[in-house]
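Below, all heavy atoms of this structure are taken into account, side chains as well, without hydrogens, waters or symmetry copies. Start at 1 and go down the list; that is how both ligands and their atoms are numbered. Residues: numbered from 1 along the sequence shown.
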Amino acid sequence: MRIYNSATHKKEEFQPIESGKVRMYVCGPTVYDNIHIGNARTFISFDVIRRWLIASGYEVTFAQNLTDVDDKIINRANEQGRTAAEVATEFSDKFIGVMRAANVLDPDVRPRATKEIGPMIAMIKTLIEQGHAYAADNGDVYFAVRSDPNYGQVSGRNIDDLMVGARIEENEDKNDPLDFALWKAAKPGEPSWPSPWGEGRPGWHTECAAMVHRYLGTPIDIHGGGSDLAFPHHENECAQATCAWHQGFSNTWMHTGMLLVDGEKMSKSLGNFFTLAEVLEQHSAAALRLLMLQTSYRSPLDFSWERLEGAENSLTRIAGTVENLRWAANHATADADEAASEAFADKAAETRAAFKECMDDDFNTAGAMGAVFGFVTECNQYLEQAGDAADKAAALAAADTLAELLDTFGIELPEPKVELPLGLLGVAAGLVAYTGDDVDEAAAKILEARAEARAAKNWDLADAIRDQLKDLGLTIEDTAAGTRIKSL
Ligand SMILES: [Zn+2]
């Protein structure tokens, strides 16, 4: 497996620190608002990366923080006349809910900054003792960037370039404009915790470094986030961790590309700003994931409602193929052609291999999705050619292949609406006599009743049955292997 390391700008052969195990950390949100679909792209990308590592046999430990104390939270709380803790709790809960709605797996560890103050203070003390940090007269503690000879290793920045335009703000008490706050002295009315430097709160970069160290141990295998986090956030996390503990911080750095809306940067002022919750009110998580994964995680992703609609249609088409494969497998009436069955079974194996090859090459989801689409076409061709003589094993294996590969992407196919034929019997009591609860049997009874009505030229009854089905979103379809009721 090869992964692009954004710190070295190269694809590298992935070698976990501990054989068979992967420890990864992805920076979580600052919980002051609903997350937007640009954030969602990052979290969905790393969810798929994690799922693929698991599918590849690794035991993955995945940690993600919640930044629940920050200027943005405090400002939002002041605007709304609430406490910072109330704002943070509301948006932490909303974040967790919407991630689950998007079918993103829960992290193994989800530390919250406000519950990790002790380990952060310990790290800051270590940095001060070693001459990498200093407490200023105003109660802030700063990291001395020039004390770290490797500063710039994550983002490729160099100190001289950074000096251009760097300045010390009015409320700061730094020795050098490049230095950043590890600890911020409390202003009146702000949430704060006691520390050796007085009441205050941790800086944002400090929390991730301390949590990675506490929950995963350093160095870790993969550290990820949006590309906007590479500098200064990841650079500063890395500087603190490597200076405090004298070992690497993360072997691989991964950053996701930007999300554009209709080719433009998403912004509230342009009116093209969408939260994840808004999108999921109108479309399935599966369609959103399908849209996103058609672009690989490092490239800019173009979101549009048309593309999302298109993804929804693609999903329905794939689900229809899976349903057709299963139906053909269970209703074949003639003997399958052996050579054609074998060739079709080989296609499934080839698709799995192509999918794996793409995913092992820096999680090329676009290529892997291409393999899935290609296979859908092949399945449709096979079904057409096989007619009522589909090979049961090969058709079922093909259906499973499609479902499993999409499951690796966290994409669940729409299920056929199994309750509908029974619902129809309730609605259409009198049209069809059936009192059992077996869906296939019910469907067969309905079709049988319709066929009998047609044979007896009782068109009113035949049409009534068809119309009742239609009202329930079902269609009658004649296939080579017989007539069936379809829900997709
Ligand atoms: Zn972070």
Side-chain angles (χ1 to χ4, degrees), residues 5-7 22-33 35-36 38-47 49-50 61-73 88 91-92 95-96 99 104 106-117 119-124 127 133 143 145 148 151-155 157 180-184 201-245 248-258 297:
N5 185 349
S6 37
V22 177
R23 285 172 293 140
M24 67 188 284
Y25 184 91
V26 173
C27 298
T30 300
V31 283
Y32 71 104
D33 207 342
I35 65 157
H36 58 68
N39 306 133
R41 193 232 177 150
T42 296
F43 299 132
I44 288 174
S45 296
F46 282 105
D47 183 57
I49 288 164
R50 177 188 183 193
T61 309
F62 183 95
Q64 179 171 67
N65 66 309
L66 289 171
T67 297
D68 60 352
V69 57
D70 183 86
D71 285 338
K72 289 180 186 145
I73 299 171
F91 290 106
S92 296
F95 173 71
I96 292 169
M99 282 289 98
V104 171
D106 279 350
D108 298 303
V109 194
R110 191 176 342 244
R112 294 168 195 246
T114 56
K115 303 281 188 289
E116 305 291 327
I117 305 293
M120 292 186 225
I121 290 176
M123 185 183 76
I124 297 168
L127 287 168
F143 183 87
V145 164
D148 175 12
Y151 194 80
Q153 60 179 307
V154 177
S155 62
R157 304 284 205 285
F180 59 89
L182 300 174
W183 185 262
K184 296 178 180 181
R201 60 188 164 94
W204 174 36
H205 315 309
T206 305
E207 48 175 281
C208 287
M211 292 182 204
V212 167
H213 188 66
R214 178 171 185 192
Y215 291 101
L216 298 175
T218 50
I220 58 171
D221 296 294
I222 296 173
H223 194 312
S227 50
D228 54 330
L229 294 189
F231 187 86
H233 183 55
H234 289 162
E235 192 68 61
N236 290 352
E237 277 186 41
C238 182
Q240 294 164 79
T242 50
C243 288
W245 302 303
F249 183 48
S250 178
N251 284 3
T252 304
W253 286 90
M254 296 181 72
H255 292 104
T256 50
M258 267 189 75
Y297 74 93

Exercise for the section: Could you pull out all residues at least two apart from Asp148 that satisfy salt bridge (charged side-chain N to carboxylate O under 4.0 Å, His left out)? Expected result: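 Testing Asp148 for salt bridge (charged side-chain N to carboxylate O under 4.0 Å, His left out), a comparison that skips the adjacent residues, returns none.
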Practice task
Kindly write out the residues that satisfy salt bridge (charged side-chain N to carboxylate O under 4.0 Å, His left out) with Asp33, not counting sequence neighbours, or none if the list is empty.
Solution key: Arg76, Lys268
Problem - Residues Asp68 and Thr114: side-chain donor-acceptor under 3.5 angstrom - result: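 Present: a donor and an acceptor within the cut-off.
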Exercise for the section: Identify whether the distance between the nearest side-chain nitrogen and carboxylate oxygen of Asp71 and Arg201 falls below 4.0 Å. Expected result: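 Counted as a salt bridge, because a side-chain N and a carboxylate O are separated by less than 4.0 Å.
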Problem - Of all pairs that satisfy salt bridge (Lys or Arg N to Asp or Glu O under 4.0 Å), the ones with a partner from residues 220-238, not counting sequence neighbours - result: none
Problem - Of Glu116, Arg110, Arg23, the residue whose pairing with Tyr215 passes side chain to side chain donor-acceptor pair (under 3.5 Å) - result: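 The passing option is Glu116.
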Exercise for the section: Taking the Zn ion (ligand 1) as the centre, count the protein N/O/S atoms lying under 2.8 Å from it. Expected result: 4
